[in-house]
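Following: one structure in structure tokens, then a few remarks.
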Amino acid sequence: MSNTKTVRVPHLGGIDAAYQMPAPYDKSKPTLIMVNSFTTSSELYRDQYSNEDLTSKMNLIPIELLGHGQTRAENENWTYWDTAVMNVQVMDALGIQKAFVLGTSQGGWITVRMALVAPKRVGEFLTQWHQFLLLFPTDGKWILGIIPLGTSLDFESDRTRSLGCWNAPDLLTPTINEWTTNDQTTDFQPSDEYCNFLVDIGFGKNCSNDVRELWKKTIKGNYQGDYGRRRARMAAINLRDRDGLHNRLWDIRCPVLWLHVSVSIFSTYRPFL
């Protein structure tokens, strides 16, 4: 993406982390870190970048997860915890001391992991409808609050499936197996079937054709060749095999705004937060 930049951070032996900064950074404004959904990119939030009512009031900084967009790592094995650490290091590299974090779907459980791996960044706040009043200021770097969107904080458990959520093992395992090979796959790109599956679960089966074609093109472009296959495979393994967060939620000490839409792969999930 023309507006995507990279910054080098040390985690996992070195990561070139991709991010966007749609407007010049203004320290006088609050900052919102944004974390995209599965195998999308920072372009997921492109409508927000062009919303002057929003950008005039806060800095928007989406960071592309490991295995997503233009982010590249020396190590090809990683987890969602590694992305959380990477995002905190990006904040350091960009000189961001305080930020809220919003994440969509898989990005939602990244927001929770960020609050857990950087507890010194979590302040104590009085939450009101139109402001977050910091009670005990320090010079530390703080995560001021998290906004998980359309997400689950469980692993892909039998329990979540019994509540009507999607069946990730059944849906993802055939693709992971197909993409697991020692052969060089220089002509690899995700199939139309796979891209349509991602669009259906991410944007809805009835999304506009323009949205569908945009993301089919984006997904195919982001995951080309042998390296693209390996990145897409590891992203899918992370989604299917991630650990749950229920037993860690007690340690979250920042405000949480957890939002669900009426229809999503997690729409029937009953949150324990």
Check: Quick one: does Thr40's side chain have a donor or acceptor within less than 3.5 Å of a partner on Asn36's backbone?
Finding: no
Donor on one side chain, acceptor on other, [X] and [Y], under 3.5 Å:
| X | Y | answer |
| --- | --- | --- |
| Ser152 | Asp154 | no |
| Glu74 | His11 | no |
| Tyr19 | Glu64 | no |
| Ser42 | Gln20 | yes |
| Thr104 | Tyr45 | yes |
| Asp16 | Thr6 | no |
| Trp78 | Asn238 | no |

Notebook entry, point to check: Which residue, Ile33, Leu54, Asn51, forms the side-chain contact (heavy atoms from CB on, under 4.5 Å) with Leu60?
Noted result: Leu54
For [X] and [Y], work out which heavy atoms get closest and say how close.
| X | Y | answer |
| --- | --- | --- |
| Tyr80 | Ala235 | OH-O, 4.3 Å |
| Pro174 | Pro169 | CD-O, 4.2 Å |
| Val88 | Ala118 | CG2-CB, 4.0 Å |
| His260 | Thr151 | CE1-O, 3.0 Å |
| Met91 | Ala99 | CE-CB, 3.9 Å |
| Leu239 | Leu172 | CD2-CD1, 3.7 Å |

Any chance you could measure [X], atom [atom1], to [Y], atom [atom2], to the nearest 0.5 Å?
| X | Y | atom1 | atom2 | answer |
| --- | --- | --- | --- | --- |
| Ile146 | Leu102 | CD1 | CG | 10.5 Å |
| Thr160 | Leu153 | OG1 | CG | 11.5 Å |
| Thr111 | Arg113 | OG1 | CZ | 9.5 Å |
| Leu94 | Asp92 | CG | CG | 9.0 Å |
| Met34 | Asn87 | CE | CG | 13.0 Å |
| Arg72 | Arg231 | CZ | CZ | 3.5 Å |

Would you find more than 12 non-hydrogen atoms of other residues, nucleotides or ligands less than 6.0 Å from [X] atom [atom1]?
| X | atom1 | answer |
| --- | --- | --- |
| Asp47 | CG | yes |
| Lys217 | NZ | no |
| Asn177 | CG | yes |

Check: Quick one: is the NZ or CZ of Arg229 closer than 6.0 Å to the six-membered ring centre of Tyr227, and within 45° of its axis?
Finding: no
So do [Y] and [X] actually touch side chain to side chain, heavy atoms under 4.5 Å?
| X | Y | answer |
| --- | --- | --- |
| Ser41 | Thr218 | yes |
| Arg248 | Trp250 | no |
| Phe188 | Asp226 | no |
| Phe38 | Ile219 | no |
| Asn59 | Asp26 | yes |
| Gln89 | Val7 | no |
| Val85 | Leu12 | no |
| Pro62 | Val35 | no |

Notebook entry, point to check: Where do Lys216 and Glu213 land on the salt bridge (Lys or Arg N to Asp or Glu O under 4.0 Å) test, with the steps shown first?
Noted result: CA-CA 5 Å; Lys216 285 171 64 176; Glu213 292 304 312; 3.6 Å; yes
Margin query: Taking ring pair (Phe, Tyr, Trp, His ring centres under 6.0 Å) as the criterion, tell me which of Phe203, Tyr194, Phe197 meets it with Trp215.
Written below: Phe203
Next item on the list: Dump the intermediate steps for side chain to side chain contact (heavy atoms under 4.5 Å, CB included) on Val101 and Leu32, then the final yes or no.
Entry: CA-CA 6 Å; Val101 188; Leu32 181 67; 5.9 Å; no
Checklist line | Audit row: Trp179, Tyr223, ring-ring contact (aromatic ring centres under 6.0 Å, His included) steps and yes/no | finding: CA-CA 12 Å; Trp179 292 348; Tyr223 297 102; 7.9 Å; no
Note to self: Set out, in order, the CA-CA distance, both residues' side-chain angles and the distance that settles side chain to side chain contact (heavy atoms under 4.5 Å, CB included) for Leu149 and Ile147, then state yes or no.
What the structure shows: CA-CA 6 Å; Leu149 304 179; Ile147 309 172; 3.8 Å; yes
Checklist line | Verdict with supporting geometry, Leu116 and Trp81, side chain to side chain contact (heavy atoms under 4.5 Å, CB included) | finding: CA-CA 9 Å; Leu116 289 168; Trp81 291 101; 3.8 Å; yes
Next item on the list: Please say which of Arg240, Arg161, Arg242 ends up in a side-chain hydrogen bond (donor to acceptor under 3.5 Å, both in side chains) with Glu156.
Entry: Arg242
Margin query: Using the rule given for salt bridge (Lys or Arg N to Asp or Glu O under 4.0 Å), can you reason through Lys205 versus Asp200, listing the C-alpha separation, both sets of side-chain angles and the distance that settles it, and then say yes or no?
Written below: CA-CA 5 Å; Lys205 293 183 178 181; Asp200 288 346; 5.2 Å; no
Checklist line | Ile237 with Phe155, same ILVMFWY side-chain cluster at under 4.5 Å | finding: no
Note to self: The test is side chain to side chain contact (heavy atoms under 4.5 Å, CB included); show your working for Arg230 and Thr185 and say whether it passes.
What the structure shows: CA-CA 10 Å; Arg230 300 197 304 271; Thr185 54; over 6 Å; no
